[in-house]
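Each chain gets a letter, A, B and so on, in the order the sequences are listed, and its residues count up from 1.
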Protein chains: 2
Amino acid sequence: MVRKEAHTHQPCVHHTNETHHSCVSLVPIFNHLEEEQMDEIMGTARSVSFKKGEIIYHAGDESDSLYIVNKGKVRIYRLSESGKEQLVRILNPGEYTGEYALFNESTHESYAEAIMNTSICMIRRTDLQHLLLKYPSISFKIITEFSKRLDQSETQTTRFATEKVETRIALFLAECLEDESNEFSLPMSKKDLASYLGTTPETISRKLADLEEQGLIKQKTHKRIEVLDLDGLLFV
Amino acid sequence: MVRKEAHTHQPCVHHTNETHHSCVSLVPIFNHLEEEQMDEIMGTARSVSFKKGEIIYHAGDESDSLYIVNKGKVRIYRLSESGKEQLVRILNPGEYTGEYALFNESTHESYAEAIMNTSICMIRRTDLQHLLLKYPSISFKIITEFSKRLDQSETQTTRFATEKVETRIALFLAECLEDESNEFSLPMSKKDLASYLGTTPETISRKLADLEEQGLIKQKTHKRIEVLDLDGLLFV
DNA sequence: CGGCTGCTTGAAGACTCTCAACTTCCGTGG
DNA sequence: CCACGGAAGTTGAGAGTCTTCAAGCAGCCG
């Protein structure tokens with residue numbers, strides 16, 4: 001159950017201003033600022049690239065930076081006390097990680113792995129502290145964002161604590177639905193989905209088949225799912 | 001499984017300066033400030049008392065305040081989509097809640113219930129915003145605190161996702177251990193503990209009996225537990 | 001002391017996992 | 001471009017773990 005440890009290649013480091021800028025302007029905690037203020041922030045950022053499969057940080061690593069995804073995708077996962085892996089979240093461009101080690105002057109509690117070629121902007125602790133003092137609205141954004149994520153995490157915990165697997169899957173599918181459409185592509189492999197939902201790939205397979213048999217969904221391809229009865233799904 | 005709804009009595013409202021002050025000085029996010037700054041904060045706070053069993057807020061309630069526990073204990077719980085209850089945390093004096101509704105200008109996602117006679121300090125959103133702008137170090141404290149809680153919540157989620165009940169109980173017991181002592185009292189009823197750990201009172205009973213049979217713990221009374229083999233407990 | 005609530009214990013059954021075999025998909029290299 | 005190999009996904013059978021239901025016991029407050 002423990003994931004094989006991927007090689008950590010030395011990531012290539014380069015500096016490009018456009019990259020910095022696009023990075024900063026992507027992030028909700030910064031992109032409410034004036035153009036010139038974002039320029040100031042991008043001046044403190046450092047851009048780093050990772051190839052698919054590279055580990056960005058390990059649990060236990062020290063770190064003094066915030067990691068903002070500029071391009072690509074990053075997989076955040078944890079290992080439990082008994083060594084089993086759980087997928088915590090997938091980061092898309094504009095999302096960030098590393099806040100625990102950053103604000104607690106401590107080590108990472110999770111693992112971050114590039115699941116495709118990815119470019120990351122890093123902002124160092126000292127630089128960020130200056131920014132927070134200079135622009136209090138950034139702090140406010142961060143606090144708002146964290147309280148939202150705290151809520152999501154607690155919602156997820158409550159689901160694990162009280163719902164059975166089929167319900168957790170059904171709720172997940174319902175949340176994947178964008179407005180206007182009944183159809184979507186799974187945002188991750190079913191193996192990762194199993195890890196995210198605290199179950200096994202076998203169970204995911206079987207439960208999706210069950211939901212299809214009940215006429216609630218239709219699996220068009222392995223990745224693509226059509227929701228036929230959203231209300232029914234929410235009552236599973 | 002759905003908890004019977006307790007009556008929400010009109011809480012008695014009173015104003016006492018000592019109460020305010022002790023409240024503010026209890027809280028890690030404020031008590032690093034100067035005496036006079038804490039006085040300023042306590043000037044904006046409002047003190048409210050709740051009797052044992054009273055509901056402080058419901059999921060869905062609107063709210064524009066931070067709730068800081070001054071005296072007593074508060075039980076924070078959530079209802080899952082299917083109506084089952086999960087205990088999220090117990091607040092002791094100096095701890096606070098209500099941040100989600102506060103910072104997202106939204107409604108509460110959880111329930112808060114006084115489990116003994118409790119006195120609460122409330123700080124309104126507008127007042128808090130002024131404080132955050134005036135004293136950026138408060139923002140920094142809050143961000144640090146939230147990232148810590150986020151980590152705890154994700155650790156808990158990972159445990160639910162990957163560990164079986166016996167392991168979750170063992171880890172919980174290990175965390176209850178204070179330094180120097182092998183013995184402690186459970187911080188809540190076994191019914192609440194079951195809810196917190198995502199299981200049933202019956203299973204808690206049985207697993208504690210199992211752990212005792214394995215020679216890892218000893219149940220001295222219903223509330224009091226002695227840990228005989230901490231390492232063994234962590235390897236369950 | 002009564003009654004309520006919480007706790008414990010037993011038995012049955014549901015749900016999910018594990019293991020194993022097979023199929024499908026996809027990227028790589030020839 | 002096709003073929004290959006490995007990973008991901010599916011399906012079946014069996015085994016565990018945990019819940020549910022039921023009944024009895026214990027502790028606590030009026």
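- In this structure, the NZ atom of B/K191 is 14 Å from the P atom of C/dT8, given to the nearest Å.
- Side chain of B/N182 to backbone of B/V227: no donor-acceptor contact under 3.5 angstrom is found.
- Atom NZ of B/K223 is separated from atom P of D/dA26 by 18 Å (rounded to the nearest Å).
- In this structure, CZ of B/R224 is placed 17 Å from P of D/dG27, rounded to the nearest angstrom.
- At the phosphate of D/dG9, neither OP1 nor OP2 sits under 4.0 Å from any side-chain N or O atom of A/K190.
- Applying the 4.0 Å criterion to OP1 and OP2 of C/dT18, one finds that A/T200 has every side-chain N and O outside that range.
- Inspection of the A/Q156 and B/T157 side chains reveals no N or O donor paired with an N or O acceptor under 3.5 Å.
- A ring-ring contact (aromatic ring centres under 6.0 Å, His included) with B/Y77 is found for one member of B/Y196, B/Y57, B/Y111 and no other, namely B/Y111.
- For A/I204 and C/dC17, the CD1 to P distance is 9 Å, given to the nearest whole Å.
- With respect to A/K220 and A/E212, no salt bridge is recorded, no charged nitrogen being found less than 4.0 Å from a carboxylate O.
- Inter-axis angle, ends of the helix from C/dC1-D/dG30 to C/dG30-D/dC1, five pairs per end, rounded to 10 degrees: 50°.
- Residue A/H222 places at least one side-chain N or O under 4.0 Å from the OP1 or OP2 atom of D/dT10.
- Remark: B/D229 does not engage B/K218 in a salt bridge, criterion side-chain N to carboxylate O under 4.0 Å.
- One can place NZ of B/K52 at 13 Å from C1' of D/dG30, the figure rounded to the nearest angstrom.
- Here the side chain of B/E163 pairs no donor or acceptor atom with the backbone of B/F160 at under 3.5 angstrom.
- Between A/P187 and A/F172, the closest heavy-atom pair is CG-CZ, 4.0 Å.
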Check the interface with nucleotides 11-17 of chain D: list each N/O to N/O pair with the protein under 3.5 Å, or write none.
from: D/dG12; atom 1: N7; to: A/R206; atom 2: NH1; distance (Å): 2.8
from: D/dG12; atom 1: O6; to: A/R206; atom 2: NH2; distance (Å): 3.3

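- When the P atom of C/dA14 is taken as reference, atom CD of A/E166 falls 15 Å away, rounded to whole Å.
- One can place CD1 of B/I225 at 13 Å from C1' of C/dC7, the figure rounded to the nearest angstrom.
- Between A/K73 and A/N92 there is a side-chain heavy-atom pair separated by less than 4.5 Å.
- The distance between atom CG of B/L211 and atom C1' of C/dT8, rounded to the nearest whole Å, is 16 Å.
- No donor-acceptor distance shorter than 3.5 angstrom exists from the side chain of A/D151 to the backbone of A/S147, with no hydrogens or angles considered.
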